[in-house]
Amino acid sequence: MTAASEQRFVVVTTTHESEEQARDLASAVVRERLAACAQVYPVRSVYWWDGEVQDAGEWRIDLKTRAELMDRLAAFVAGRHSYETPELIAVPVVGGSPGYLDWVAGETAGATE
């Protein structure tokens with residue numbers, strides 16, 4: 001495992017209300033090469049909205065990408081999301097497998113274009 005700071009990678013998280021919407025968005029992001037990989041899985045979210053506590057099943061999407069693509073990825077997701085205020089959080093990757101990080105770098109926009 002090596003430090004990822006030289007290439008600066010992030011995992012970007014968003015959610016959707018249905019599995020189909022989450023899978024469609026994940027596929028679109030990967031197809032556009034804004035992320036090398038997307039993982040989609042069910043979660044339970046408890047949050048404050050419209051003056052009260054909400055409790056809802058959602059589908060989480062974790063997108064693996066380069067930090068320099070974050071603005072493009074955020075605009076792409078925002079333009080295709082059904083939520084009024086979609087979650088969009090980027091967490092820096094501080095280390096990882098050199099081979100995996102090289103793969104993420106090579107499979108995202110700008111790397112092979």
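With sequence neighbours left out, Glu52 forms a side chain to side chain contact (heavy atoms under 4.5 Å, CB included) with Gln54. By the salt bridge (charged side-chain N to carboxylate O under 4.0 Å, His left out) test, Asp24 pairs with no residue at all, sequence neighbours left out. In terms of the side-chain hydrogen bond (donor to acceptor under 3.5 Å, both in side chains) criterion, residue partners of Ser45 (sequence neighbours excluded) are, by chain and number, Glu58. The salt bridge (charged side-chain N to carboxylate O under 4.0 Å, His left out) search around Arg60 returns Asp62, not counting sequence neighbours. Here Arg44 pairs with Asp55 under the side-chain hydrogen bond (donor to acceptor under 3.5 Å, both in side chains) rule; sequence neighbours left out. With sequence neighbours left out, Glu19 forms a salt bridge (charged side-chain N to carboxylate O under 4.0 Å, His left out) with Arg23.
Summarising the geometry of Thr15 relative to Glu87, their closest heavy-atom pair is CG2-OE1, 3.3 Å, with the distance given to 0.1 Å. Contact between Thr108 and Ala36 at its shortest, heavy atoms only, is CG2-N, 3.5 Å. Taking each heavy atom of Ala90 and Val10 in turn, the nearest pair found is CB-CB, 4.3 Å. Across all non-hydrogen atoms, the minimal contact from Ser82 to Glu17 is OG-OE2, 3.9 Å. When every heavy atom of Glu107 is checked against every heavy atom of Arg33, the shortest pair comes out as O-NE, 2.8 Å. When every heavy atom of Gly95 is checked against every heavy atom of Leu101, the shortest pair comes out as C-CD1, 4.5 Å.
Using a 4.0 Å cut-off between a side-chain N of Lys or Arg and a carboxylate O of Asp or Glu, Arg8 and Glu68 do not qualify as a salt bridge.
Looking at His16, its side chain never comes within 3.5 Å of a backbone N or O of Ser18 through a donor-acceptor pair.
Phe76 carries Arg80 over the face of its six-membered ring, with the cationic atom under 6.0 Å from the centre and within 45° of the normal.
Leu63 and Val11 fall into different hydrophobic clusters, where Ile, Leu, Val, Met, Phe, Trp and Tyr are joined by side-chain heavy atoms under 4.5 Å apart, directly or via other members.
At least one side-chain heavy atom of Val77 sits under 4.5 Å from a side-chain heavy atom of Leu25. Contact of the Met70 side chain with the Leu88 side chain is registered, since non-hydrogen atoms from C-beta on lie closer than 4.5 Å. Inter-residue side-chain proximity for Leu73 and Thr65 is flagged as met; some heavy-atom pair is nearer than 4.5 Å.
The distance from the CH2 atom of Trp103 to the OG atom of Ser97 is 11.5 Å, given to the nearest 0.5 Å. The line from CH2 of Trp59 to CD1 of Ile61 is 11.0 Å long, rounded to the nearest 0.5 Å.
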